[in-house]
Amino acid sequence: MAGILEKFQSLGKGNGVRALKDMSHGLTVIRAVPYVYTVCRKKSACDYCLHRKEKLLRCSQCKVARYCNAHCQREAWQSHKRECKCLRSTLPNVPTDSVRLVGKIIFKMLQNPDATSEELYTISDLQSHIKEASEEVQDGLRHLATALQLYLKEEIQDISQLPPGFQAIEYFGKVTCNSFTISDGEMQDVGVGLYPSMSLLNHSCDPNCVIVFEGTCLLLRTVKEIPKGEELTISYIDVKMPTQGRRDQLQRQYSFTCDCHRCLIRDKDEDMLAGDADTSREVERSVSRLEELLSQNKAEEALNLCKTLMNRYYLPDKNIHQLKVLDCAMDACINLGLWEEALQFGLQTLEPYSLYYSNYHPVRAVQLMKVGKLQNYQGLFTEATKTLMQAFDIMKVTHGRDHNQTQQLAELLNDCEANMRGM
């Protein structure tokens, strides 16, 4: 980071990061490895490389950690061996992601207390914001601290065995405010990690940078031109929600109220909640059930509920709750092999996605790629080429040409163009 970024005091925000030179869009500013990370508990992904895979090898001792192959298991053993005993002792219960993550922090601090790979910020520098948190949040952190104590009992029986000055509640606060959800190339959550220097990045609902991942490696990418001296920002949350929803989530999780330009003018709020208000609320209440059904691989039941909602209630596609129903319907159809229906639902999402994920956004690129794949699969090569080119134009900025996902997209685009020539 030397010569590129510097830590500074951002007005009204505390610590921040600003550019020491002009930056163009589509630049990888930082490649960061995690201080610690853990796989998401309910995801079928390797505990070491976070690659999603249906069939994984279980650790023969704890039966919780899972790996792609023997290589991943060997590579993970140094960091897994102490938590392995803890996981084994809690069976059949499995700790939450945050409990596993804080456990890994403790083991790393004990193993090498002087280790730091961070140039701008360290694990001890991270803010917990406990004092600003609500009583409800603080009570939740206390419950997590109790769960951690039970989880660690096989390895740590006494407080004297903890790292000097370690306070469990404080570290759960740090994890809540500073952890990053690690996603794969399709923007599916696969893990949670701490990247201390990246926690200096402040939030904006219209940021000049995005974060994408390649395995466990975090890439900070510019999506706008950033002049020397300007602060680098990211969005902490999904921006596809109305102003009040964004502000509520930011206050609840990060203890601040956003006053960016988009929030001040309530940008796109009317579009997001377009249509009848009562109807919108009815559909919103069904979305969590839809997501639950898909997570349980009940695709047929999820699709039936989607169709029921779309037949019973009318909302424009740009309504964010209707848009979620369309997304769920597309995913359910893909799981069921109903390619034509999946494409129709997918096509309906593209205009709202361009509205809410304007300019360069990885979520929009991945959505375009999914729809382009469906068009290509059904022999609609001209339409597929156009859709995939849109995805590529975004992804070369958000991910970079060398990213695995961009290379997969380029190969798909080449295949599609070859199919067109062979028509």
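Note that this is a predicted model, so its numbers are computed, not measured. Each residue takes its place number in the sequence, starting with 1.
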If you compare all heavy atoms of [X] against all heavy atoms of [Y], which two are closest, and at what distance to 0.1 Å?
| X | Y | value |
| --- | --- | --- |
| Val39 | Cys46 | CG2-O, 4.2 Å |
| Ile182 | Val192 | CD1-C, 3.9 Å |
| Leu201 | Tyr236 | O-OH, 2.6 Å |
| Thr387 | Gly372 | CG2-N, 3.8 Å |
| Asn359 | Arg364 | O-NH1, 4.0 Å |
| Asn376 | Cys416 | OD1-SG, 3.5 Å |

Between [X] and [Y] (salt bridge meaning N to carboxylate O under 4.0 Å), is one present in this structure?
| X | Y | value |
| --- | --- | --- |
| Arg100 | Asp47 | yes |
| Arg52 | Glu186 | yes |
| Asp206 | Arg262 | no |
| Lys85 | Glu154 | no |
| Lys370 | Asp327 | no |
| Glu301 | Arg289 | yes |

Taking [Y]'s backbone N and O only, do any of them form a donor-acceptor pair with [X]'s side chain (distance below 3.5 Å, no angle check)?
| X | Y | value |
| --- | --- | --- |
| Arg221 | Val397 | yes |
| Arg58 | Lys63 | yes |
| Asp269 | Thr243 | yes |
| Gln348 | Asp317 | no |
| Thr90 | Tyr151 | no |
| Arg18 | Phe8 | no |
| His361 | Ile394 | no |
| Gln127 | Asp125 | yes |
| Thr233 | Asn208 | yes |
| Asp97 | Arg41 | yes |

Close aromatic pair by centroid cut-off 6.0 Å: Tyr254 and His203: no
Mutual orientation of the aromatic rings belonging to Tyr353 and Tyr357 [parallel < 30°, tilted 30-60°, perpendicular > 60°]: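 Tyr353 and Tyr357: tilted rings.
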CA sep, side-chain torsions, deciding dist, call: Gln244, Asp248, side chain to side chain donor-acceptor pair (under 3.5 Å): CA-CA 6 Å; Gln244 196 56 53; Asp248 288 346; 2.9 Å; yes
Cation over ring face, Lys104 and Tyr37, 6.0 Å, 45°: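 Judged by the rule (NZ or CZ under 6.0 Å from the ring centre, within 45° of its axis), Lys104 counts as positioned above Tyr37.
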Lys108 NZ/CZ over Tyr35 ring centroid, <6.0 Å and within 45° of normal: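 Yes, a cation-pi geometry holds between Lys108 and Tyr35.
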Glu136, CD: over 12 other non-hydrogen atoms inside 6.0 angstrom: no
